[in-house]
Structures are given as structure tokens and as C-alpha cells.
Asker: 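I'd like to ask you about the structure that follows.
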Amino acid sequence: MVNELKNIEKISISKFQDDLISWFKAEQRELPWRKDQDPYKVWVSEIMLQQTRVDTVIPYFNRFIEWFPTINHLANANDDKVLKAWEGLGYYSRVRNLHSAVKEVNEKYNGQVPNTPKEISSLKGVGPYTAGAILSIAYGIPEPAVDGNVMRVLSRILSIWEDIAKPSTRKVFENAVRQLISHDEPSEFNQALMELGALICTPTSPSCLLCPVRDHCQGFHEGVETELPIKSKKNSQRTVELVAAIIKDDHGKILIHKRSENGLLANLWEFPNVEIHQPTVLERAQISDLFRESFEMNIKLEKGIGQIEHIFSHLIWNIRVYTGLISSTFQESNEWKWVSFDDMEDYAFPVSHHKIVKLYNDNKKK
DNA sequence: GAACCGTGGTC
DNA sequence: TGACCAAGGTT
């Protein structure tokens, strides 16, 4: 641990802080969550920004704060409305955990986001990065907030050649930040490292000629800035074959199904579907059998209307889509609803759903 | 530690 | 176009 950080001795820490923070104050982007330091808004923004681009988050953040302006509003909000606010953002456990944690803050901490590492880290969905980000940005506490940006930037500045894909490596960078962070302006310091990673010290072709801390950068001096950080590759995705059905009743309403409260796309709605385990071509009758076995429903498939692909970070769905008919005696419940296309606006769906609707509409025009 | 957990943008 | 990327956390 000490050995990896020997280059930290080559840095004039106070000058590094000055150069970095001065640049941040002059060049930082105007972002909705930077208008104030409301711990709640900082919290929401940090959860949304996990593995998600700034440009993607901005409209979601604005709408979320509009719908749920305070901790109290979110704590008392309806689960389905909260999930709807997240529709399309991905990683839906983030919003389930946030909602749960906000309720805990409302009851246990009288609506005040806690300001100690131990308390804030105990909240659902708040890991080491998010804890440090909220503590430093909202409360001015000099805690590390090590994300992918910080690891990339510091791996170059300090010429650290450890594999940032390994979870254990984060500790090396937290140790570095503890030595480098400004105790006068920890919020600006942490945000500046991330802003530098976003605007200057980018993954490919960093703009070293514009970099405010180039003089402090070992990677630049050694000419190895584009070789860092070291990041091992992930395993490839597996493919799952699915058949989804747009099932209509006698009145033209469509049957939708609520997914499990755990796991992939938890609590989101979908068109009924079954997995095809053997990579074979099935007759429509055989597919109907699978629906009967899975859901105790007797459907008659009309026709295949196409196929869509849904790519996740760790798997791929290959979905063949059929239309089908079923008697409207199939009963509604908590997880089965008959809806019109207009009604679907009230439910949260994964992106694959919208691709299927488009397929259906395109097919109908022909 | 490794796998799970989404989506859209980029080169 | 495929692989990688983007302010990670949980199990």
C-alpha cells in the first residue's frame, strides 16, 4: 500500500490543491444539483449519477425534484410513482433503495440526512463513494469520494499501475485522497477531481495540454498517460431466448404482468413472456403450451410480428414477439392487468417494452 | 472476489 | 459494429 503511493511525495500538495480547485471554480459546469448544497438533492443526484452520464441524468433529476421536492415528499410518495420517475434510467434497485433509505432518514433522523460516515454508510444504496460524496459536498467533511473518474485521474497523476477493475484497488485511491484532499475545501477538491476526469483527463485522448495539474502529473511526465489506468476486461454476456406475447381480450385490451420484487428489472411491468431453453424453432402450439405451463392461461397465438434485442450489462435478451388472443375471463390481480395502450402511461416498463410497442405499431400499419 | 444489476452514447 | 464507457452498490 505504501509502496504504490511513493509518487505522492513528489507532489507539492498545497500547490496541487490550489491548481486543481482554482481550475474547478473557473471551469465547472452549471448543473441542476449544484444550485445549492441541500443534502437531499446531493444524495438524489449522486444515486442517479452512478454509472450514468450527466446529460442523461439532468432531465430525470429535474423531474424527480419537481415531483419529490423534499425528503418528506419522497418518504410519503407512492411506490409506483417513484418507480415511474426512474423509468428508463436503469439499475432500478437504486430507486428502491433510495426510497427505503429516505423513509429511514425521515423517521430515524427527523428528516435530516446524517453527517457521520457510519450513519450515512448504513443507509440502503449508499456505498463508500456516495457516502464520501454526500459528506464532502453537502457537509464539507474531508472524506474521499472515489469513483471511476478519481481512479483514472489519480492513476495518471501518481502513476499507479494497479488494476482498477479489482474492488480491492479502491482502497489505494482512498488512501491517496486522504493525503491529498483539501481540508479547507473538501467539496471543491472532490468535485474538481471528478470534473477534471469528465472534461480533461478523459479515458481516451486526455487533453493534457489544457490540464491545470499537468505539472504535477507523473503519468504525463513519463509519457504513459494513455496507458493508464490499468483495467482488466469483464466476461462476455450470455444470451437468453424469450418469446413475448401481446395478448388481447375480446375488447382489445392488452394483458401486462408485473415482474418480481427482486432481481432483474424488479417491480417493472412487461408483456407476458417465456424463456426458450433449447435453441430450437418452436411451433406456435408449442409456445402456447409454455404459456399454459408457466401462467395457467390458454392463449391462441396469431402471428409473429418480429424480434427485438435487449442488451444489459451482463446478459442479452433475444425476444421474439407474437400477438395472441385470450378470453377476458383471465382474472386481474396484483401482478396481472388488462390495459389499453393509453393506460400503459401509468406503469413503469423497461426499455425493451417500448421497442415491442413500436414493433406492434409498425406491424399494424402494414 | 465475482456475479448481478440498465441504458444510451461513442469511436 | 462491437467493445467500451458513465459521479457504484449489493449479494
Side-chain angles (χ1 to χ4, degrees), chain A residues 24 28-29 31-34 41-61 83 86-98 100-101 120-138 144-153 163-171 173-174 177 187 190-199 201-206 229 231-238 240 259-268 270 309-317 348-355:
Chain A
F24 176 69
Q28 66 170 298
R29 292 166 290 179
L31 299 171
W33 46 90
R34 286 180 174 164
K41 293 181 197 166
V42 173
W43 185 6
V44 170
S45 72
E46 292 301 340
I47 300 297
M48 283 190 174
L49 286 162
Q50 290 170 5
Q51 301 292 287
T52 310
R53 287 182 149 71
V54 165
D55 288 345
T56 302
V57 166
I58 288 173
Y60 279 92
F61 176 83
L83 187 57
W86 213 267
E87 183 186 41
L89 254 190
Y91 288 138
Y92 298 95
S93 67
R94 291 185 295 176
V95 76
R96 188 171 65 247
N97 288 332
L98 174 64
S100 168
I120 201 165
S121 298
S122 75
L123 297 172
K124 284 185 182 174
V126 178
Y129 163 74
T130 304
I134 297 172
L135 289 168
S136 61
I137 297 171
V146 174
D147 70 340
N149 279 315
V150 172
M151 289 199 282
R152 181 176 62 256
V153 169
D163 182 3
I164 66 167
K166 296 175 66 170
S168 59
T169 302
R170 197 193 67 249
K171 294 197 303 290
F173 291 91
E174 285 178 347
V177 172
S187 168
N190 277 343
Q191 291 189 75
L193 276 184
M194 293 188 276
E195 196 79 343
L196 190 70
L199 301 181
C201 197
T202 49
T204 58
S205 58
K231 190 174 187 179
S232 58
K233 293 180 176 114
K234 292 178 186 172
N235 295 330
S236 57
Q237 302 141 310
R238 67 189 171 91
V240 173
R259 295 176 59 83
S260 152
E261 61 183 357
N262 300 308
L264 183 66
L265 302 170
N267 289 331
L268 272 71
E270 65 186 1
E309 190 179 58
H310 188 70
I311 300 176
F312 300 87
S313 51
H314 60 301
L315 67 90
I316 299 172
W317 277 355
F349 295 93
V351 164
S352 55
H353 168 94
H354 300 288
K355 295 180 187 172

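A, B, ... follow the sequence lines: proteins, then strands. Residue 1 opens every chain.
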Asker: Donor-acceptor pair, distance only, cut-off 3.5 Å: does the side chain of Lys355(A) make one with the backbone of Glu309(A)?
Answerer: yes

Asker: Does anything in residues 190-199 of chain A reach DNA chain C, meaning a heavy atom under 4.0 Å, and if so which residues?
Answerer: Met194(A)

Asker: Closer than 4.0 Å, any side-chain N/O of Lys166(A) to the OP1 or OP2 of dA2(B)?
Answerer: no

Asker: Kindly give the heavy-atom pair with the smallest separation between Met48(A) and Val57(A), and that separation in Å.
Answerer: O-CG2, 3.4 Å

Asker: Between Tyr60(A) and Trp86(A) (judged by ring centroids, cut-off 6.0 Å), do the two rings come close enough to count as a pair?
Answerer: no

Asker: Let me see the working for Gln50(A) and Tyr129(A) under side chain to side chain donor-acceptor pair (under 3.5 Å), right down to the final yes or no.
Answerer: CA-CA 9 Å; Gln50(A) 290 170 5; Tyr129(A) 163 74; over 6 Å; no

Asker: Look at all strands and tell whether Arg34(A) reaches a base, only sugar-phosphate, or nothing, counting heavy atoms closer than 4.0 Å.
Answerer: base

Asker: Can you measure Ile164(A) atom CD1 to dC5(C) atom P for me and round it to whole angstrom units?
Answerer: 8 Å

Asker: Which value, in whole Å, describes the distance between the P atoms of nucleotides dG6(B) and dT11(C)?
Answerer: 13 Å

Asker: For Glu46(A) and dA6(C), what is the distance between atoms CD and P respectively, to the nearest whole Å?
Answerer: 16 Å

Asker: Looking for any heavy atom pair under 4.0 Å, which part of the strands does Val126(A) touch: base, sugar-phosphate only, or nothing?
Answerer: sugar-phosphate

Asker: Contact class for Ser45(A) vs. all strands (heavy atom < 4.0 Å): base, sugar-phosphate, or nothing?
Answerer: nothing

Asker: For Arg34(A), is there an ion pair with Glu195(A) - N to carboxylate O distance below 4.0 angstrom?
Answerer: yes

Asker: Touch check for Leu31(A), heavy atoms < 4.0 angstrom, all strands: base, sugar-phosphate only, or nothing?
Answerer: base

Asker: I need the minimum non-hydrogen distance between Ala145(A) and Gly132(A), along with the two atoms involved.
Answerer: CB-C, 3.8 Å

Asker: Picking from Leu98(A), Ile137(A), Asp147(A), what satisfies side-chain contact (heavy atoms from CB on, under 4.5 Å) with Glu46(A)?
Answerer: Ile137(A)

Asker: Distance between the C1' atoms of dC5(B) and dA6(C), in whole angstroms?
Answerer: 15 Å

Asker: Using a 4.0 Å heavy-atom cut-off, does Trp33(A) contact any base of the nucleic acid, only the sugar-phosphate backbone, or nothing at all?
Answerer: base

Asker: Starting at CE of Met151(A) and ending at P of dG8(C), how long is that distance when rounded to a whole Å?
Answerer: 9 Å

Asker: Taking CG from Asp55(A) and C1' from dA6(C), how many angstroms apart are they, rounded to a whole number?
Answerer: 11 Å

Asker: Under 30°, 30 to 60°, or over 60°: which ring-plane class applies to His353(A) and Phe349(A), parallel, tilted or perpendicular?
Answerer: parallel

Asker: Only counting residues at least two apart or in another chain, list the ones meeting ring pair (Phe, Tyr, Trp, His ring centres under 6.0 Å) with Trp33(A).
Answerer: Phe61(A)

Asker: When the distance from CD of Gln237(A) to C1' of dG2(C) is rounded to whole Å, what number comes out?
Answerer: 10 Å

Asker: Quick one: label Arg170(A) by what it contacts on the DNA or RNA (base, sugar-phosphate, nothing), any heavy atom closer than 4.0 Å.
Answerer: nothing

Asker: Go along nucleotides 3-11 of chain B 5' to 3' and tag each nucleotide: B for a protein heavy atom under 4.0 Å from its base, S when only backbone or sugar atoms are that close, - otherwise.
Answerer: SSBBBB---

Asker: Rounding to an integer number of Å, can you tell me how far Asp147(A) CG sits from dC5(C) P?
Answerer: 14 Å

Asker: Over how many whole Å does the gap from Trp86(A) atom CH2 to dG8(C) atom P extend?
Answerer: 13 Å

Asker: Donor-acceptor pair, distance only, cut-off 3.5 Å: does the side chain of Arg96(A) make one with the backbone of Ala266(A)?
Answerer: no

